[in-house]
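Below, all heavy atoms of this structure are taken into account, side chains as well, without hydrogens, waters or symmetry copies. Residue numbering restarts at 1 for every chain, and letters A, B, ... go by the order of the sequence lines.
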Number of protein chains: 2
Amino acid sequence: MTGLRQAQKERTRQALLDAALRLLEHQSLSTLGIREVTREVGMAPAAFYRHFGDIEELGVALVEQSFESLRFAFDDLGVAQADSDLLMRQAVDVLAGHVRRHAAHFRFLARERYGGLAVVRRAIHEQLRWFADRLSGELAARPGMERWDPGDVRMLAELIVNHLISAATAILEAEQDPPSEQRAVYTAYLQLRLISVGRSHWTDQPQSDRSL
Amino acid sequence: MTGLRQAQKERTRQALLDAALRLLEHQSLSTLGIREVTREVGMAPAAFYRHFGDIEELGVALVEQSFESLRFAFDDLGVAQADSDLLMRQAVDVLAGHVRRHAAHFRFLARERYGGLAVVRRAIHEQLRWFADRLSGELAARPGMERWDPGDVRMLAELIVNHLISAATAILEAEQDPPSEQRAVYTAYLQLRLISVGRSHWTDQPQSDRSL
DNA sequence: TGTACATCAGTGAACGCGCGTTCACTGATGTAC
DNA sequence: TGTACATCAGTGAACGCGCGTTCACTGATGTAC
């Protein structure tokens, strides 16, 4: 019976990733040590090299795991949903729930998005572009968007993704304090709604002065 | 004649800050070493302690210097400007110019905003709140905003500040490639305009379905 | 099923290295008279 | 203006420490027959 050894190896690898994520709650990847991670798991430092070449490699694996569940979460959104207000509430709620359940993953991504390790930064960037691409496609297919310039659709998709990132970090910062967390969620919803209002009145040319 | 010694000390302190900023181009503050900074300046490691207690303290000083010029830059914006489209163009241009001239400062702030050092994170957060407060006040005073709920004004101000941060980092990432940098600036302008359109059609209650 | 050999995840000791921090010092600048 | 003493920014040597990485190893798992 083969695979027993392989299964054990996989479990150890996951233990290393989990330990790293735990340690990354209060520090960034570039200060995380090989000895530190193996100590947290309870194994010899040299064993680390059976799973990763260095800490950067572990970091990239952690990026992938962090995004994995997020991708599925947004599949549940009824994007075909006709009512836009309900959809936005749901989007913000899905995000908030995910931030709560996977706080450590989000904290890691926020920290490393502009962190010191270029490879990890690039991996995160790539995943975010994937989200913007997908959202772009879904927006373009919605009624009322047929005549939009593709560049403008992309612009809108990026605005929304950036907003969701800001919202996620705001919710993260309010952690351990339910009332201010609820406030962050509600603000995020209002802001998404304001973007949607802008979208529904969008014109290619600057509007005549409405005095902002 | 007193002050000669003090002036020299100030110059050394600034040299340490400049050297740190240079080194932070490709790493984060938490991996920056005292020996590394003093080596870059060309002085003995022990001299560091005449100016800062530790690297964190240097980091906080760097946050202050990074925001200092930015505060002045936005004073130049003719906020009393009646035409909103021109104002938005100007805001994005001021930001883009500043990002270009002070790229290292922005990179540092982006990296440390969610970085590993809590004290530095808090210092940045504080400065950003100051910007949101100020923008909130200026928005509330504009024509057409008199009847807005103060909470909604604050919500809008935070949305704009977050958008400007996203825009700044997008411009930063496009550095060294003028065409994609110009694209980033233009996208930032369109997005700000979309937010403004949303603002001018904002209502307290969810709009009836317009199908996003 | 049993045996003999191969694989390989994890061990534990060892290494050289650069780190942060301390300390007594030096010599230019500042002050009192 | 000149002299004697005080201050203090910067020096250079020394320290103990934890780091990443290497290496020969062990023993459980896997494979061939």
Side-chain angles (χ1 to χ4, degrees), chain A residues 1-62 65 112 115-120, chain B residues 1-62 65 112 115-120:
Chain A
M1 183 187 281
T2 175
L4 208 158
R5 193 187 250 170
Q6 192 187 325
Q8 175 54 39
K9 184 175 186 185
E10 185 51 48
R11 248 180 290 136
T12 305
R13 187 188 136 100
Q14 193 56 51
L16 284 167
L17 287 164
D18 292 345
L21 194 63
R22 233 175 295 132
L23 293 165
L24 287 168
E25 199 89 12
H26 296 108
Q27 62 184 310
S28 58
L29 193 62
S30 39
T31 64
L32 192 67
I34 286 175
R35 293 185 103 100
E36 200 181 353
V37 178
T38 52
R39 199 186 304 125
E40 173 84 5
V41 175
M43 66 200 291
F48 180 88
Y49 297 100
R50 299 282 179 207
H51 303 275
F52 304 101
D54 52 26
I55 285 284
E56 281 206 11
E57 210 173 305
L58 179 147
V60 172
L62 219 39
Q65 289 208 347
E112 301 306 327
L117 301 178
V119 193
V120 176
Chain B
M1 185 187 282
T2 175
L4 209 158
R5 193 186 253 170
Q6 193 188 325
Q8 175 53 39
K9 184 174 185 185
E10 184 52 47
R11 248 180 291 138
T12 306
R13 187 189 136 99
Q14 192 58 48
L16 284 167
L17 287 164
D18 293 346
L21 194 63
R22 231 174 297 133
L23 293 164
L24 287 168
E25 199 88 11
H26 297 107
Q27 64 184 308
S28 58
L29 192 61
S30 39
T31 64
L32 192 67
I34 286 174
R35 293 184 104 99
E36 201 180 353
V37 177
T38 52
R39 199 186 304 126
E40 173 84 6
V41 174
M43 65 200 292
F48 179 88
Y49 296 100
R50 301 280 179 208
H51 302 276
F52 303 100
D54 52 26
I55 285 285
E56 281 205 11
E57 210 174 304
L58 180 146
V60 172
L62 218 41
Q65 289 207 346
E112 302 306 326
L117 301 178
V119 193
V120 176

Could you write out DNA chain C as dot-bracket? Rules: Watson-Crick or G-U wobble, both distances under 3.5 Å, brackets [ ] for crossings, | for pairs with another strand, dot for unpaired. .||||||||||||||||||||||||||||||||
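- A/Gln6 has its CD atom 15 Å from the C1' atom of D/dT31, to the nearest Å.
- The nearest heavy atom of DNA chain D to B/Arg35 and to B/Lys9 marks one nucleotide each, and the one closer to the 5' end goes with B/Lys9.
- The OG atom of A/Ser30 sits 10.5 Å away from the CD1 atom of A/Ile55 when rounded to the nearest 0.5 Å.
- For B/Thr12 and D/dG10, the shortest distance from a side-chain N or O to OP1 or OP2 is below 4.0 Å.
- Here the C1' atom of nucleotide C/dT7 and the CG atom of A/Leu4 are 15 Å apart, to the nearest Å.
- Residues B/Ile34 and B/Phe52 fail the side-chain proximity criterion, which asks for heavy atoms closer than 4.5 Å.
- Using a 4.0 Å heavy-atom cutoff across all strands shown, A/Arg13 reaches no nucleic acid atom at all.
- For DNA chain D, the residues of residues 41-52 of chain B within the heavy-atom distance limit of 4.0 Å (strictly under) are B/Met43, B/Ala44, B/Ala46, B/Ala47, B/Arg50, B/His51, sorted by number.
- One N or O on the side chain of A/Glu112 and one on the backbone of A/Leu29 form a donor-acceptor pair closer than 3.5 Å.
- Rounded to an integer number of Å, the gap from B/Arg39 CZ to D/dG12 C1' is 15 Å.
- The shortest distance between side-chain heavy atoms of B/Glu57 and B/Asp54 falls below 4.5 Å.
- If you take CD on B/Glu36 and CD on B/Gln27, they are separated by 4.5 Å, rounding to the nearest 0.5 Å.
- In this structure, A/Glu36 places its CD atom 18 Å from P of C/dC19, rounding to the nearest Å.
- Taking the side chain as every heavy atom from C-beta outward, A/Leu17 and A/Leu21 never approach each other to under 4.5 Å.
- A side chain to side chain contact (heavy atoms under 4.5 Å, CB included) with A/Leu16 is found for exactly one of A/Glu40, A/Met43, A/Arg50, namely A/Met43.
- Going from atom OG1 of B/Thr31 over to atom CG of B/Leu24 covers 7.5 Å, rounded to the nearest 0.5 Å.
- Residue contacts for A/Arg11: at a heavy-atom cut-off of 4.0 Å it reaches no nucleic acid atom on any strand shown.
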Given side chain to side chain donor-acceptor pair (under 3.5 Å), test A/Gln8 with A/Arg5 step by step and report yes or no. CA-CA 5 Å; A/Gln8 175 54 39; A/Arg5 193 187 250 170; over 6 Å; no
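- Spacing between atom CD of B/Glu40 and atom P of C/dC19 amounts to 13 Å, rounded to whole angstrom units.
- One cannot find a donor-acceptor pair under 3.5 Å joining the base of D/dG30 and the side-chain atoms of A/Arg5.
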